[in-house]
Amino acid sequence: MIRLFFVMVGFTLAVVGGVSILAYLNLLIAGYQFSAYLLFLIERIEFYLFLIGVAMIIISMTFPTNRNRDRKKS
């Protein structure tokens with residue numbers, strides 16, 4: 001159950017950050033260079049929310065469960 005909570009929180013953070021990153025792609029249309037765009041992203045909190053969200057999803061999906069401990073040995 002706790003894994004589902006972390007997946008949902010991670011997914012929410014990743015969506016919020018990802019949508020903002022996609023919205024900031026309009027800066028490239030406005031004439032910014034790609035390197036300036038990347039420097040701009042590094043300064044934004046949404047970029048870090050995206051990274052934290054993706055990391056939470058990956059960690060919660062790969063972390064082993066304790067189901068073997070709950071089973072009785074025969």
Side-chain angles (χ1 to χ4, degrees):
M1 194 69 171
I2 192 80
R3 288 175 63 184
L4 181 64
F5 173 75
F6 281 116
V7 168
M8 295 306 292
V9 170
F11 182 76
T12 304
L13 291 175
V15 166
V16 168
V19 168
S20 298
I21 289 171
L22 288 175
Y24 290 140
L25 279 173
N26 288 325
L27 292 174
L28 295 176
I29 306 277
Y32 278 75
Q33 297 291 331
F34 189 71
S35 59
Y37 169 71
L38 290 178
L39 290 174
F40 176 76
L41 274 183
I42 291 172
E43 296 174 354
R44 307 299 298 175
I45 189 71
E46 293 92 351
F47 177 70
Y48 295 106
L49 287 177
F50 177 75
L51 292 179
I52 291 169
V54 170
M56 284 179 71
I57 292 170
I58 291 171
I59 289 170
S60 65
M61 294 299 236
T62 59
F63 199 78
T65 61
N66 292 331
R67 290 184 187 230
N68 293 335
R69 182 182 60 163
D70 295 337
R71 294 182 184 167
K72 293 181 181 180
K73 294 182 180 179
S74 301

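All residue numbers refer to positions in the sequence shown, counting from 1.
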Taking all atoms of both residues into account, what is the closest heavy-atom pair of [X] and [Y], and its distance?
{"X": "Leu28", "Y": "Phe34", "result": "CD2-CA, 3.9 Å"}
{"X": "Phe47", "Y": "Ile21", "result": "CD1-CD1, 3.9 Å"}
{"X": "Arg3", "Y": "Met61", "result": "NH2-O, 3.3 Å"}

In Ile2, Leu4, Val7, the residue satisfying side-chain contact (heavy atoms from CB on, under 4.5 Å) with Ser60 is Val7
If Ile, Leu, Val, Met, Phe, Trp and Tyr residues are connected whenever their side-chain heavy atoms lie under 4.5 Å apart, and connections chain through other members, are [X] and [Y] in the same group?
{"X": "Leu22", "Y": "Phe50", "value": "yes"}
{"X": "Leu38", "Y": "Leu25", "value": "yes"}
{"X": "Leu41", "Y": "Val54", "value": "yes"}
{"X": "Leu51", "Y": "Val15", "value": "no"}
{"X": "Phe5", "Y": "Val16", "value": "yes"}

Inspect the surroundings of [atom1] in [X] and state if more than 12 heavy atoms from other residues, nucleotides or ligands are less than 6.0 Å away.
{"X": "Phe40", "atom1": "CZ", "value": "yes"}
{"X": "Phe11", "atom1": "CZ", "value": "no"}
{"X": "Tyr32", "atom1": "OH", "value": "no"}

_Polar side-chain atom of Tyr48 near backbone of Glu43 as donor-acceptor pair, under 3.5 Å_ = no
